[in-house]
Each structure stands twice: as structure tokens, then as C-alpha cells.
A.B. asks: 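First, the structure itself, so that you have it in front of you.
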2 protein chains.
Amino acid sequence: MAAEAGVSQATVTRVFSSPGLVAPDTQQRVRDAANRIGYVPNAIARSLKSQRTDIVGAVVPTQGEYWQSVLTSFSRRLADKGKQLLLFSFADADHVVDALDAVEQYRLDGLVLASSTISQEHLVRMRRPGPRVVAFNQPTATGLLPLVSVDNEAGTSALVEHVAAQGVATAMFVGGVAEASTDQMRYRGAAKSLGDLGIACPYIEAGAFTYDAGYKVASQISEGLELPDVMMVGSDEVAFGVIDGLRTAGVSVPGDVLVTGFDGLPQASWAGYDLTTLVQPIDVLVDEAIAMLLDTEDPGERSQVIPGTVYEGRTTRRIND
Amino acid sequence: MAAEAGVSQATVTRVFSSPGLVAPDTQQRVRDAANRIGYVPNAIARSLKSQRTDIVGAVVPTQGEYWQSVLTSFSRRLADKGKQLLLFSFADADHVVDALDAVEQYRLDGLVLASSTISQEHLVRMRRPGPRVVAFNQPTATGLLPLVSVDNEAGTSALVEHVAAQGVATAMFVGGVAEASTDQMRYRGAAKSLGDLGIACPYIEAGAFTYDAGYKVASQISEGLELPDVMMVGSDEVAFGVIDGLRTAGVSVPGDVLVTGFDGLPQASWAGYDLTTLVQPIDVLVDEAIAMLLDTEDPGERSQVIPGTVYEGRTTRRIND
DNA sequence: TTGACCTATGACTACGTAGTCATTATGTTC
DNA sequence: GAACATAATGACTACGTAGTCATAGGTCAA
């Protein structure tokens, strides 16, 4: 390439990385030559030399509407900053290790660990010098890694407050996976706030954060016939299943049972469900996470817990109009 | 690192890339040293030298349930093969160029162009020596790039066949974006097959491949009061909006109008919708695309058009039981 | 015992860039 | 016009690996 343009390699580099240092006509000569032979700067070589890849890694589970929207948000925000997103996904917890192994080989500018099912052991392992690491919506990481999370506990509390205003006497919490730290926080917020009102809140585990799991649980519960006034579900996706399960069993939502979700997925506001839920400000969370990864100023291991907002849908509206 | 283990750099490399060539005890010595000082092979340097990154790029729009599931599928399949996925996403067509620019700098092992809105001009630009490129579900690319796609035209034909069996006299096609090549193919299949039955099929453009666009269109149409027997919608996501829009306006689906979708999203089989749709075998499409990218054997610019299957949901069931 | 052969390892170079330093040409000041 | 600052460029090296070639020792059969 340098030969083609009749200049030194150093000048070629300058044209593409600091054009201000090269005379206009030389610059033109180099660019012409580049177009002629299809030269494009090699990001791999640049990364090797500069020790910066301009790539941020994300370890994310392959399933779940919520994670997909988080991923989308990350991708978009990073693109705005000229960074790329390298995706390490894993189907089940066993494969997390594979993903983490791969992560270390690439010298990423930063790494996002998003998933409520990464074990503490694995989290600790990522606490090392080198690229910044941020845990995303993963309360387990508290104290182990810098963390960005929605305020799960306050979230379900706020939902309880809203639901209580509709007048309820009995309640139930439908979680996804009991081991998940988000699930625990959300249940705690609900149980505590309901307890303050003198309402008990049994925990039922759906078994997964999926529509099917919610559907199945709702079917079983509606067979048992002891329906509570409100079912607080740990995630929107599960809540959709719960609603459909109840309705299929002939139970009216919100006529017979109120239902709340958590996450604020786009589908929550779809007319078919119009689910009352705690909306996570995903873009805010993501921006915060990116800032923590890339801000060279502040190397502090601060963590951020950001509040969500309650979306009041039809699934908690007592008076049908 | 070599010094720490008391061996040459070449031996260190061998331990991590071709362990068979190193004596067991030497190997142990190297691994111990690596653990001691936290050494991990540098994928950047390896890529520079070997001219292989083990990374496949994907240019995908940031929005749309369908693309998200495609992305998920790619990520998972690639991980199985020890490859990583570098995500280049773009919000609107203007940003595609930025993504393509970035793509060229990284020497990727392959590139997937997934989006029905990348212009032919941009597609042609990617026709260059170097990494393999595959267009995904993007009929525009026919003849320009190797293509993997579901058979859009045959898909809507199959849907017509199913719908016709329910007995319909009038029809309508609700597309997302008229310029999108997938939209065109799908409409063509529907119009042709309906035409064979002597049924006209006007095209209505929702304006976007979104729930909201579908909802809005359905609201407007139901105000006009000239509802057809069946509304064939160009994508599931739009179809959900159409269904909710109709139902909100007091129109029964499938009582008054039958509705079909296209894509086969997970939500299609949710009890709330149970949408009749053309299910794309995404994993098959993705596997095929990956094979085309990575198979060193067959350098042919073959293209693959893969048939989908009709899922018969409640939205086309005439007799309510 | 000797040559053929295999195993385990080291020495060396290239991959394409960025950064440091050196060099030359071009002004600029008194 | 001498001394000096500035702009534009080249030469050179290191980043960490993979692949090629060379070397040292060991095994085996004739």
C-alpha cells in the first residue's frame, strides 16, 4: 500500500488516523491509491499495537425478551460511540464458562455481564485487572463487581402500592427461578410491602422466565380454585403466560384476579394484555453501564441502582368500563 | 511469559494451540506459569498472524422481534462452532453505511447481511474478495450476493391455500413497508394464489413492521366498515397489532375476519393470539447461512430458498368451538 | 554402529499498525 | 544571513502470535 501511493507506511497510517498531520495533496494521493487497490486499515493490527479494540463484549443469555431488548439497546448506544458489540451468548448456565473463556482471549475495552444466573464464583473470576467489567441487572454481583441495576425491591413495592389502592385482600407472587437474584429481590419487595398491609404473600415458582412456565403455573393454580385477589408475577414474559393460562381456564383478568408484571416489555402495553408492570428504563441503565465501562476519568467501583416507573394497565383495573 | 515458564515463546504457543506437540511435563510447567501470572493467549495477535479472527459479523436492524430471534439463533450456532458474533446494528437505513464501514476494518471470517432494507447499491459494495458474505432473508440480493431466505412467495401461497379451505370470498394484504423486498414477495404469493381462485387482493401498507403500525391500520380499516373475509398480514408483529386493533374496534377475530401472519414468532402460538402464520425454520436458515460462510470446500455462490410451514392457529378457524 | 527416523524444542520472521525519534524542507525573526 | 521554530515525512521498533526451519537427543533395525 505504501508503495502504491509512493509514501512511507507511517504516512499511510497518518492519513487514516490523524489526517491533520499530512499535507492535503499527499493525503489525496494516498486515498486515491487506497481506492485503487481496495486498501482498508486493519483494525486487528491497530488493536494489537494500540492495546485498544474498540469492542465491548456482552455475555447475555440467548433467551428472553428482556435480554434481547437490553442487547439491542447496548448495541445501539455503543455504535453511537464508535464501539462495536461482541456477543457471547450462552444457552444454559453450563456454557457460561465457555463464554468467559472466550472473553479473556479478546482484549476487549469492556465487558458487560448480563444475566441473573451467573454464579458468584464466575463473577469473582472476572474481577481482575484489565478490561472494566460491569454486571447488569444482577444483584448477586453486589460487592463483587460494579453493578448497574434497576431497583427491583422498590419496584415491586411500588407495584404493591398501586395494587393496594385497587383494594386487595389476598395476594401471591409468581417467580421465575427462585435462585435468580432478581427474583429474590422482587419477591422481597412485594412480600415486605404486602406484609406492611397485613397481607400474606406466598411464593410460587414457575420454573423458568418464560411464557410457557407462566401458562402452566396459572393452569395449575386455577384448578386448585384458591385464587388470590392479585397475582404479582416476577417478569412480564411469565405474566403473559399467567394471564393467558388464567383466561383459558375461564378466569377473568382483571375481573377475578389482578395481575402485575415486571420489566416493561413493549408487549406489556399491547392492547391484548395491557399489563400493569414496572417499567425498567433500559436506555438509562445501559447508558450508565457504558459510562462505567468507558469513562477513563472515574475508576471507582461505584454501583448504580436506578428506579423504575409503574405502568398502570388494564390488568389491575378493578372497575371494568 | 516464556521466561516465567523457562521455555521458548514457540513452546508456549504450542501448549495452547496444539498441545499434542508438547511433552506432558513441559506442558504442565507452562500451564502452571500461566496460572501464576494470569497469562491468557492473545486472540488479537493470533488473528493478525493467522489471518483468521474466528469472528463472524452480522449487520442487523435494531428493531423487530423477528430479527432478534434470528440474531439469537446465529449467536448460539456460532458459539457451538467456536466462533463469536460481532454485532453491527443500525437504527435506520442511513446508518447502514457506518456499519458497513466498520465491518471492513475488522477482518471477519464472514459477514451476514440481514435486513430487508439494505439498498442494492450497498449490497454490491460488499461484493468483494475477502470474507464471505451472505444475505439473509433479503430477496433484493438475488443475483448480487449468495442468499439464504425462506420461500416468501410460496409461503403466502400456502397460507392462501389453508385460508381458502375455510371458505373466503374477499381478501386484503397488509404489508409493512412496500419497498421491502420480503414484503413484495409475500404479497406476490398471496395475490397470485388468490387470483387463481378469482379473489382480488388489494395491498395496504402499514408503514412499518411494527405492532403499532398494524394497530393503526386495523383501526382505520374497521372505521371504513368494508372488512374483507381475511386479512393476510405481512409479518406476525404487524399482525398482532392488526388483531388487537380489530378487536378494540369491536371486530371479532376470527368471527368476523380471519387473520394470518408471517414469520412464526413464539408469540404467534400464545393463547392470546394463536395466530395462523407461516413458520420460518430459522435454525435451518441460520445453519445454512453459516455453512455458506464457513465451508471452505464449496466456494460456489449458490443460494438457498427454504420452504416454511403453515401453523394453523385459531385466527383462521371459522367454526368457533 | 551407523544411518534413518521420530520427538521435543528453540530460533527466527512476518502479520499491519502506532508511536518515538530523526530528517528535510520551509518559513520567520532580529 | 544566522539562528530558530514549524510542518511534513521517513526510518525504526514493538505489539503477541503462528508457521517454517533448524537442532538436539532418542529409538530402532539391519
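Computed from a predicted model, the values in this text were never measured in an experiment. In the text below, chain A, chain B and the rest are named by the order of the sequence lines, each starting its count at 1.
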A.B. asks: Return the orientation label for the B/F16 and B/Y39 ring planes: parallel under 30°, perpendicular over 60°, tilted otherwise.
C.D. replies: tilted
A.B. asks: Name the one of A/D263, A/N137, A/T182 that satisfies side-chain hydrogen bond (donor to acceptor under 3.5 Å, both in side chains) with A/Y66?
C.D. replies: A/N137
A.B. asks: Look only at the side chain of B/T26 and the backbone of B/V22, and say whether a donor-acceptor pair between them is shorter than 3.5 Å.
C.D. replies: no
A.B. asks: For DNA chain D, which residues in residues 43-53 of chain B have a heavy atom at a distance below 4.0 Å?
C.D. replies: B/A45, B/R46, B/K49
A.B. asks: Under a 3.5 Å cutoff, is there a donor and acceptor pairing between the side chains of A/T53 and A/S47?
C.D. replies: no
A.B. asks: Is it true that B/Q138 and B/S181 share a donor-acceptor pair across their side chains at a distance under 3.5 Å?
C.D. replies: no
A.B. asks: Let me test you: for the helix from C/dT1-D/dA30 to C/dC30-D/dG1, what is the angle between the axes at its two ends (five pairs each), rounded to 10 degrees?
C.D. replies: 40°
A.B. asks: Quick check: on DNA chain C, is the nucleotide nearest B/Q27 upstream (toward 5') of the one nearest B/R107, or the reverse? Name the residue that is more 5'.
C.D. replies: B/Q27
A.B. asks: Tell me which nucleotide among C/dA11, C/dT17, D/dA11 gets nearest to the side chain of A/S8.
C.D. replies: D/dA11
A.B. asks: Hey, is the main chain of B/V7 close enough, under 3.5 Å, to the side chain of B/T11 for a donor-acceptor pair?
C.D. replies: no
A.B. asks: Under the side chain to side chain donor-acceptor pair (under 3.5 Å) rule, what do A/D101 and A/Q105 come out as? Steps first, then yes or no, please.
C.D. replies: CA-CA 7 Å; A/D101 281 340; A/Q105 312 234 129; over 6 Å; no
A.B. asks: Verify side chain to side chain donor-acceptor pair (under 3.5 Å) between B/E65 and B/S69, making sure each step is shown before the conclusion.
C.D. replies: CA-CA 6 Å; B/E65 294 284 333; B/S69 38; over 6 Å; no
A.B. asks: Just N and O in the side chain of B/Y106: are any of them under 4.0 Å from OP1 or OP2 of C/dG16?
C.D. replies: no
A.B. asks: What parts of residues 10-24 of chain A reach DNA chain C, counting only heavy atoms under 4.0 Å away?
C.D. replies: A/T13, A/R14, A/S17
A.B. asks: Round to the nearest Å and state the distance from A/Q105 atom CD to D/dG16 atom C1'.
C.D. replies: 13 Å
A.B. asks: Verify, without hydrogens or angle tests, whether B/Q84 (side chain) and A/F88 (backbone) share a donor-acceptor contact under 3.5 angstrom.
C.D. replies: no
A.B. asks: By nearest nucleotide on DNA chain D, pick out whichever of A/G6 and B/N42 is the more 5' one.
C.D. replies: A/G6
A.B. asks: Do the side-chain N and O atoms of A/Q63 and B/T72 include a donor-acceptor pair separated by under 3.5 angstrom?
C.D. replies: no
A.B. asks: For the side chain of B/Q9 and the base of D/dA18, is some donor closer than 3.5 Å to an acceptor across the two?
C.D. replies: yes
A.B. asks: Among B/K83, B/Q51, B/R52, which residue meets the side-chain hydrogen bond (donor to acceptor under 3.5 Å, both in side chains) test with B/D109?
C.D. replies: B/K83
